[in-house]
Structure formats: structure tokens, C-alpha cells
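Quick caveat: nothing in here was measured; it's all calculated off a predicted structure.
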Amino acid sequence: MPQLRRMSREIVNLTCAELPGTEKVPGPEGTDLWTAAHEPFARVGEQVEVREDGRWAEVPTSDLQVLRTRIVAAYETLRASLPPEVQPTLDRTSG
């Protein structure tokens with residue numbers, strides 16, 4: 001695995017793990033799939049993708065700040081879409 005791809009995977013996994021109520025589950029084809037309340041918001045494998053407008057969008061890995069910003073935005077969008085009674089439960093689970 002090239003260095004940038006391995007580094008991107010590590011950064012994605014660290015960023016997602018810091019978000020409240022997230023869980024990493026095995027995704028298709030060896031990807032890491034990150035979820036909140038069992039809903040996916042990010043995945044990393046050969047490329048990094050986040051959920052945007054109901055579909056997967058590739059995120060360039062050359063700019064780490066953009067990468068982190070897009071991951072957090074995907075998480076916050078998902079969290080805001082959850083029922084109001086579910087949102088606070090994310091804060092009580094470890095990231």
C-alpha cells in the first residue's frame with residue numbers, strides 16, 4: 001500500500017474515531033466503514049469517500065485539512081438528520 005494511501009487511512013480512522021458515537025465496521029471489499037447510529041458517513045479503502053447528498057463522494061487526500069473538514073461535515077450532516085431522540089445518545093457512546 002503506498003505511503004499516502006496508508007497515511008490517509010490512518011488519518012480517516014483517527015478523525016472518525018474522535019467523533020462522538022461513531023463505530024468502525026468492516027465495509028465492502030476490505031474498506032473501513034464509519035457509522036453513527038448504524039448509518040454510514042465515511043469509508044476508506046483504495047480511496048476516501050464521504051456521504052454527501054445521499055451518495056458517496058470521493059475526497060482528495062492531498063490536503064489533510066480538506067480531508068478532515070469533509071469527514072466532519074459528513075458526520076455532522078448525518079447527525080443532524082437523525083431523529084432528535086437519537087442525537088443525544090451519540091454523546092453517551094465512545095468514539
Side-chain angles (χ1 to χ4, degrees):
M1 181 182 292
Q3 179 66 21
L4 183 57
R5 192 176 313 142
R6 183 173 53 248
M7 190 168 123
S8 297
R9 190 176 203 125
E10 291 171 8
I11 290 168
V12 170
N13 287 335
L14 286 171
T15 301
C16 292
E18 292 173 348
L19 300 169
T22 60
E23 179 181 22
K24 182 173 80 168
V25 297
E29 302 173 9
T31 60
D32 293 336
L33 185 64
W34 282 91
T35 66
H38 307 290
E39 295 292 329
F41 69 93
R43 69 180 173 193
V44 59
E46 291 294 315
Q47 58 195 21
V48 177
E49 298 172 297
V50 295
R51 295 289 291 181
E52 292 179 346
D53 299 322
R55 64 185 193 290
W56 291 108
E58 185 175 350
V59 180
T61 58
S62 56
D63 185 330
L64 299 181
Q65 185 60 39
V66 168
L67 181 64
R68 288 177 190 266
T69 300
R70 298 262 309 268
I71 290 168
V72 171
Y75 168 82
E76 289 175 346
T77 299
L78 169 64
R79 184 179 174 124
S81 74
L82 295 171
E85 64 274 9
V86 173
Q87 293 177 23
T89 67
L90 296 178
D91 295 328
R92 292 191 294 265
T93 58
S94 60

**Request:** Any chance you could measure E52, atom CD, to E58, atom CD, to the nearest 0.5 Å?
**Result:** 11.5 Å

**Request:** Check step by step if side chain to side chain contact (heavy atoms under 4.5 Å, CB included) holds for K24 and N13.
**Result:** CA-CA 8 Å; K24 182 173 80 168; N13 287 335; 3.8 Å; yes

**Asked** Are L64 and V12 linked, directly or through other ILVMFWY residues, by side chains that come within less than 4.5 angstrom of each other?
**Response** yes

**Message:** So which atom in A37 and which in V86 form the shortest heavy-atom distance, rounded to 0.1 Å?
**Reply:** CB-CG1, 4.0 Å

**Asked** Less than 4.5 Å apart, any side-chain heavy atom of R70 and any of P60?
**Response** yes

Name every donor-acceptor pair, under 3.5 Å, that has one atom in a side chain of residues 71-84 and the other anywhere in the protein, sequence neighbours excluded.
unit_1	atom_1	unit_2	atom_2	d
Y75	OH	P20	O	2.6
Y75	OH	R79	NH1	3.0
T77	OG1	A73	O	2.9
R79	NH1	D91	OD1	3.2
R79	NH2	Q87	O	3.2
R79	NH2	D91	OD1	3.0
R79	NH2	D91	OD2	3.0
S81	OG	L78	O	2.7

**Message:** Using a 6.0 Å distance limit plus a 45 degree cone around the ring axis, check whether R43 lies over the aromatic ring of W34.
**Reply:** no

**Complete:** Minimal heavy-atom distance between V48 and V44, with the atoms involved, is CG2-CG2, 3.7 Å

**Message:** Using a 4.5 Å cut-off between side-chain heavy atoms of Ile, Leu, Val, Met, Phe, Trp and Tyr, which other residues end up in the same hydrophobic cluster as L14?
**Reply:** none

**Message:** Checking the side chain of T22 only, and the main-chain atoms of C16 only, is there a donor and an acceptor separated by less than 3.5 Å?
**Reply:** yes

**Complete:** To the nearest 0.5 Å, atom CZ of R9 lies from atom CD1 of I11 at 13.0 Å

**Asked** Ion pair present between E39 and R51, side-chain N to carboxylate O less than 4.0 angstrom?
**Response** no

**Request:** Give a yes or no on this: more than 12 heavy atoms of other residues, nucleotides or ligands lie within 6.0 Å of atom CD of E29.
**Result:** no

**Prompt:** Rounded to the nearest 0.5 Å, what separation is found between the CD atom of Q47 and the OG1 atom of T31?
**Reply:** 10.5 Å

